[in-house]
Amino acid sequence: MDSFYMTVYNITTLIPSGMVSTYGRIAAMAGSPRAARAVGYALHSLPEDQLATVPWQRVINSRGKISSSGDSGRAVLQKKLLLSEGIIFGGDDTVSLKEFGWPR
DNA sequence: ATCGTGACGAACG
DNA sequence: CCGTTCGCCACGA
């Protein structure tokens, strides 16, 4: 229960509504600045019961873009959820981390 | 313990 | 800013 994944989920839960963070940022907070990839893997493997409690949609890549490993359905849902939280997307579906990035 | 894999990231060009 | 290349980490088989 004290796995890296647990830490990732815990940190992700701390992201305030209306803001987004990045895999790398979370990895750093989890204690492994170079494990951004593992963070993505963690959220990809996010259990359904956690899907309802963990705001996974607030985690995007360092370019401010959504990554969904080809699963367009998830990407659309993610964008929809973020929009409903007040996140503004650019014309190329990118979020301004300068404005919505967390922590600042 | 080893290998392959992947929602990533920084450095380059 | 974009695509490519290489490096890093944790996980499951």
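Naming: A, B, ... by sequence-line order, numbering from 1 per chain.
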| said: Tell me every residue that passes side-chain hydrogen bond (donor to acceptor under 3.5 Å, both in side chains) with A:E99, counting only those two or more places apart in sequence or in another chain. | reply: none
| query | Between atom CG in A:L46 and atom P in B:dG6, what is the gap in whole Å? | reply | 18 Å
| note | Between the CG atom in A:L81 and the CZ atom in A:R58, the distance rounded to the nearest 0.5 Å is 9.0 Å
| query | Is there a donor-acceptor pair closer than 3.5 Å between any side-chain N or O of A:T13 and the backbone N or O of A:V54? | reply | no
| said: For the CD1 atom of A:I26 and the OH atom of A:Y9, what is their distance to the nearest 0.5 Å? | reply: 11.5 Å
| query | If you round to the nearest 0.5 Å, how far is CD1 of A:I15 from CD of A:Q57? | reply | 8.5 Å
| field | Nucleic acid footprint by protein, nucleotides 3-13 of chain C - heavy-atom cut-off 4.0 Å, B for base, S for sugar-phosphate alone | value | B---BBBSS--
| request: May I have the distance from A:K65 (atom NZ) to B:dC8 (atom C1'), rounded to whole angstrom? | output: 15 Å
